[in-house]
2 protein chains.
Amino acid sequence: MGEEKVRVLYDFEGVAENGELTIYTDEIITILRKDVGEGWWEGQNDRGEAGYFPSAYVEETAGSGEAVTETPPAADSSYYNGSQDTSANTYTQESASAADQWNDPSSQYQNTAATDPWDQGVANTAYSSSYGQDSWGDTTPAQTGGQEEGWDDDWDDDGASTGSSTATTPTSPTTKTMGSDAGKSGGTMRKSLNRFSMFVKSGGEAFILGTTKSAGSTKNRVVVTEIQEGWSWGPNPAPYKVSVADPTKESKLKGLKSFITYQLTPDNTNQTVSRRYKHFDWLYERLIEKFTTIAVPPLPEKQVTGRYEADFVEGRRQQLQLWVDRMSRHPVVAQSEVFQFFLQSSDKTWKDGKRRAEKDPLVGGAFFHTVEAPQARLPAARIETNMENFNRFQKSMDDSAKNLLAVAAESTKKHMGGFKREYQRVGEAFTKLGTTFDLDKKPSSKPLTNALWKTGAAYFQIGKMFEEQPQHDLNVLMLKVDEYKGILSTFPDILQSMKGTMTKVRECQRMVDEGKMSAEELEEVGARSDVITYTTLAEIQHFHEMRVVDFKAIAQHFLTEQIQFYDKIKTTLEESLKNYDAV
Amino acid sequence: MGEEKVRVLYDFEGVAENGELTIYTDEIITILRKDVGEGWWEGQNDRGEAGYFPSAYVEETAGSGEAVTETPPAADSSYYNGSQDTSANTYTQESASAADQWNDPSSQYQNTAATDPWDQGVANTAYSSSYGQDSWGDTTPAQTGGQEEGWDDDWDDDGASTGSSTATTPTSPTTKTMGSDAGKSGGTMRKSLNRFSMFVKSGGEAFILGTTKSAGSTKNRVVVTEIQEGWSWGPNPAPYKVSVADPTKESKLKGLKSFITYQLTPDNTNQTVSRRYKHFDWLYERLIEKFTTIAVPPLPEKQVTGRYEADFVEGRRQQLQLWVDRMSRHPVVAQSEVFQFFLQSSDKTWKDGKRRAEKDPLVGGAFFHTVEAPQARLPAARIETNMENFNRFQKSMDDSAKNLLAVAAESTKKHMGGFKREYQRVGEAFTKLGTTFDLDKKPSSKPLTNALWKTGAAYFQIGKMFEEQPQHDLNVLMLKVDEYKGILSTFPDILQSMKGTMTKVRECQRMVDEGKMSAEELEEVGARSDVITYTTLAEIQHFHEMRVVDFKAIAQHFLTEQIQFYDKIKTTLEESLKNYDAV
């Protein structure tokens, strides 16, 4: 077998001191070792740098010694190939120490939090420095409990002091919001990696092996049920909606610090609560910590400069509204204690509730103790086919969504530039002709002159309509497709967790073969791993259901606005045509 | 007074052996002498070449020592300044010899015919060589009469032998037709100059001075009547329309020569006659020879290669239809013997009729003997204001028409290129998303997939509609505005003739002042010059009437097609939207 090369699918910024390799999308990496640890491979880039990177972030290249990506799913092909190769024994021996290295809370994970990969896109330096001062950055509940954390902490909203918010590069309101979103994926991916690490760290593996404590309470049981098309989360018996409205600039410390609050009103309580971006960020951390197999999309990115401009604030409000909608439509998240706390807590109850949420023992692997899944065992081949299919779907949709965003951005630019100019140039040509004809002052000439001027004005107006139209259709489409780009970015890690789960089961199978584990123990391992699988399948099912509903709405809205647009053009031209009746 | 510089408005190809200077649009010419002769100045270009050029083809520049073009009409300003300057006496002395030099039929005019400026744009070499072999090129009736000219002459349609019609550069049908038209003005202008020369040569001046023979016959009297807005040609009592249809490729000499015939059917006779391009060309020569103050637009240009291609032939047919429409809508031309002969002559009567038309004595100056104009004398100041205004109108409309053509050509290109691509790219993005969604084979996913594919197809279709739309609106508009560009190109010479007329009257005025002419003689000169003026004013009136009618129709057609276009887009999108009802 020759040298194996893989192509990078997503950016990953490695932490050098942990031996990680930073890889960039479309880069080709030469594989040095695959038997490194769960989900990690060792490789070398073409600049000769070597290190570890998550295997889910790459795909095999066509020229590779192994099977190419596009071959039909098989035990040894792209998705599941890492765990069944001949070096499995070596891997088993090394896995414990390797896993420790990657997942030691005192080194890699905390380090990651300090460099703040989550918002590295725009606000990296400013945000990470102030984030570093914040003890919330430490997710160990014991440490947090020792401090007085609440509404009045000294942690600035976007991490930059008010004084530093100076020059804003003037960009068009449309391109600004969308343009900055485009650069976000790097940060998002990096964060997602932490979430996967957390799954391992917080006991996903331990849960499968049966070493986590079972949940004492049966409150907040989460149900996965069989439906015609597969498995589904049990529905939310009391669905609700939440409005995110009235972004308000507030300040404290006599104006030294200022921030934006958003007013959230769930329609089941009708009580409005005021939340800052940092509260959303706190909630986000809680959700990804607790729900390792649920697609919790990233929050809208931070922005240091221009963050109080009306356009930016409104754009962020829209994105936060989408995010809250997404979470409140999720049957598990919507019913979760921490989400309800976020939506309902008053200033008075916040501090206690926050501390309680941070101490929630049922996070990560332990969460699965709260899941009521079907008893039926799932055949490994079926799981693999399911995961392989969704893996392919996720990649394809990520491509399609990015393509649609790029096309929509380009089309927006054309509408505001070339299209507008072209129509206005036609308008000017008619106007100019009218002005020529106005040189003939005879009464028989005047009505035509006027009609031509009105045609000129009509095309000028149509040019303006082209300029403004993207606000009504393309930008709305982009906002929502962009949200899906965020949702899609969460799945590689969810699938990676599934892969870890499957690997662990196979490991145990081998241990049974080698007489190191009893058949009864293996049966229990399988049952527990199926709980994780059922939640993953339910989440995939939920994703598809939402996708159909959402993209139906996206397309309907887009087409409806487009129809109105062309109707308006038609009406404008009809009005203009009427003027020739008097000629 | 410093050096005077003028800017060239129209290309003029000078005949070097006659001391003429070739000038190009927008070139700056330094004036050497203005007292050269009627309508001619001497100047030098920035390459140091000096020579004579028609003063109507230039405008004074802002930095010039004389009044700038945009000042209100005054006796000494742009339009009429040549004839009233202090060097008038010098001019008078030189005018006779200068006029002879420019207009000697044996030198300059024939020479011009031989080099064939009419079609120099594309088919220059090939056409002029075969034109040179043709004795029709000699407009002296006596010479023509000595030969057997008829349908069966050896003169090829477009001057190129069939064998030379080889490689055709492939261009889009739309841009080809329009693109080649754009290069036409040079040739047209040159031809027009000949027409002006002919006015002088054929006795415009002689008519004013009363030295032409009066028409014996009162048949074909032409009437100019006073109307509310000024003066007008008497209407055609029996208006008719002519269809130009069924271009047919025919050949003779056993296929060695081939040509296209067009079938003309006037609706008053309902007899179809077959005409070749060369017959149109012959007619055109007759019309400009006879009607020096009527705007006879140039024929569509010749084209050597690709002239039998369907697109070209159909394009030329449309242009010939417009030309025939234009002439048959003109009250004077439509009733003229030569035009009726062209429309009605059978093969049998052609030879005689052709010879008779070429011998028509009532051409050029002598034509005015057939005009019945109002008796009232026209004050010189009023004529000057009228001419000045129309001169300005003509220039402005020429600018506006060229601008409209350029904008329409650019918009056509955008429709066929950028617009189409943009809409199809949007279509592809929807299709691609549908193809991604098709990876999910669950029944609940399929209707959305189908609807997205149909949306993709709809935008692809809209892209195609953008590509095809210019055929329905912009190209029709361009065809007709282009015709007006041709009509407008005839007016500088008509105005130049008017200028010559006015100059001649002033000359006579001075002769009376100097006792060289009697007051009675001057009165007669004035009355005869008014006949020319009345025909010019009637032609200008006719132009304005047609302009209002035509541009009303042009704008209405364009807008109606545009409305249908946007309605079709709207309907296409509505159809697409319906598919989401099933999702």
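Letters A, B, ... mirror the listed sequences (proteins, then strands); counts begin at 1.
Between A/Gln541 and B/Lys442 there is a side-chain heavy-atom pair separated by less than 4.5 Å.
A distance of 4.5 Å separates CZ of B/Phe437 from CZ of A/Phe551, quoted to the nearest 0.5 Å. In this structure, A/Leu439 CG and B/Met397 CE are separated by 11.0 Å, a value rounded to the nearest 0.5 Å. Distance check, rounded to the nearest 0.5 Å: NZ of B/Lys454 to CG of A/Leu559 gives 13.5 Å.
Residue contact with chain A, scored on non-hydrogen atoms closer than 4.5 Å, involves the side chain of B/Glu422 exclusively. Using a 4.5 Å cut-off between heavy atoms, A/Tyr423 touches chain B through its side chain atoms alone. Heavy atoms closer than 4.5 Å to chain B are found in both the backbone and the side chain of A/Glu410. Proximity to chain A is absent for every atom of B/Phe565, based on heavy atoms less than 4.5 angstrom apart. In this structure, chain A has a heavy atom under 4.5 Å from the side chain of B/Leu477, while its backbone stays farther away. In this structure, chain B has a heavy atom under 4.5 Å from the side chain of A/Tyr459, while its backbone stays farther away. Proximity to chain A involves both the backbone and the side chain of B/Leu404, based on heavy atoms less than 4.5 angstrom apart. Only the side chain of A/Leu448 comes within less than 4.5 Å of a heavy atom in chain B; its backbone stays farther off. B/Leu433 touches chain A through backbone and side chain together, each having a heavy atom under 4.5 Å away. For chain A, the nearby part of B/Lys414 is the side chain; its heavy atoms alone come within less than 4.5 Å.
No side-chain donor from either of A/Glu574 and B/Tyr566 sits under 3.5 Å from a side-chain acceptor of the other. Judged by distance alone, the side chains of A/Ser444 and B/Glu229 do bring a donor and an acceptor atom under 3.5 Å apart.
Ring geometry, B/Phe558 versus A/Phe430: the interplanar angle falls from 30° to 60°, so the pair is classed tilted.
Contact tally against chain B (heavy-atom pairs below 4.5 Å) for A/Ser411, A/Ala555, A/Gly230: the top residue is A/Ser411. Of the residues considered (A/Val549, A/Asp567, A/Asp440), A/Asp440 shows the highest number of contacts with chain B, using heavy-atom pairs under 4.5 Å. When A/Arg547, A/Gln556, A/Gln564 are compared by the number of non-hydrogen pairs under 4.5 Å with chain B, A/Arg547 comes out ahead. Among B/Gly418, B/Pro443, B/Ala408, the residue making the largest number of heavy-atom pairs under 4.5 Å with chain A is B/Pro443. With chain B as partner, the option from A/Val548, A/Ile563, A/Val407 having the largest number of non-hydrogen pairs under 4.5 angstrom is A/Ile563.
Between B/Asp399 and A/Lys432, no side-chain nitrogen of the basic residue sits less than 4.0 Å from a carboxylate oxygen of the acidic one, so the salt-bridge criterion is not met.
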### Message
Between A/Gln562 and B/Thr455, is the side-chain contact (heavy atoms from CB on, under 4.5 Å) condition met? List the steps.
### Response
CA-CA 12 Å; A/Gln562 284 265 292; B/Thr455 300; over 6 Å; no
#### Entry: Full working for side-chain contact (heavy atoms from CB on, under 4.5 Å) between B/Glu428 and A/Asn403
CA-CA 9 Å; B/Glu428 279 158 22; A/Asn403 175 59; 5.9 Å; no
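Applying the 6.0 Å contact sphere to CZ of A/Phe460 captures no more than 12 heavy atoms from other residues, nucleotides or ligands.
Not one N or O on the side chain of A/Thr436 forms a donor-acceptor pair closer than 3.5 Å with the backbone of B/Ser400.
Considering all non-hydrogen atoms of both residues, B/Lys552 and A/Tyr580 come closest at CE-O, 3.2 Å.
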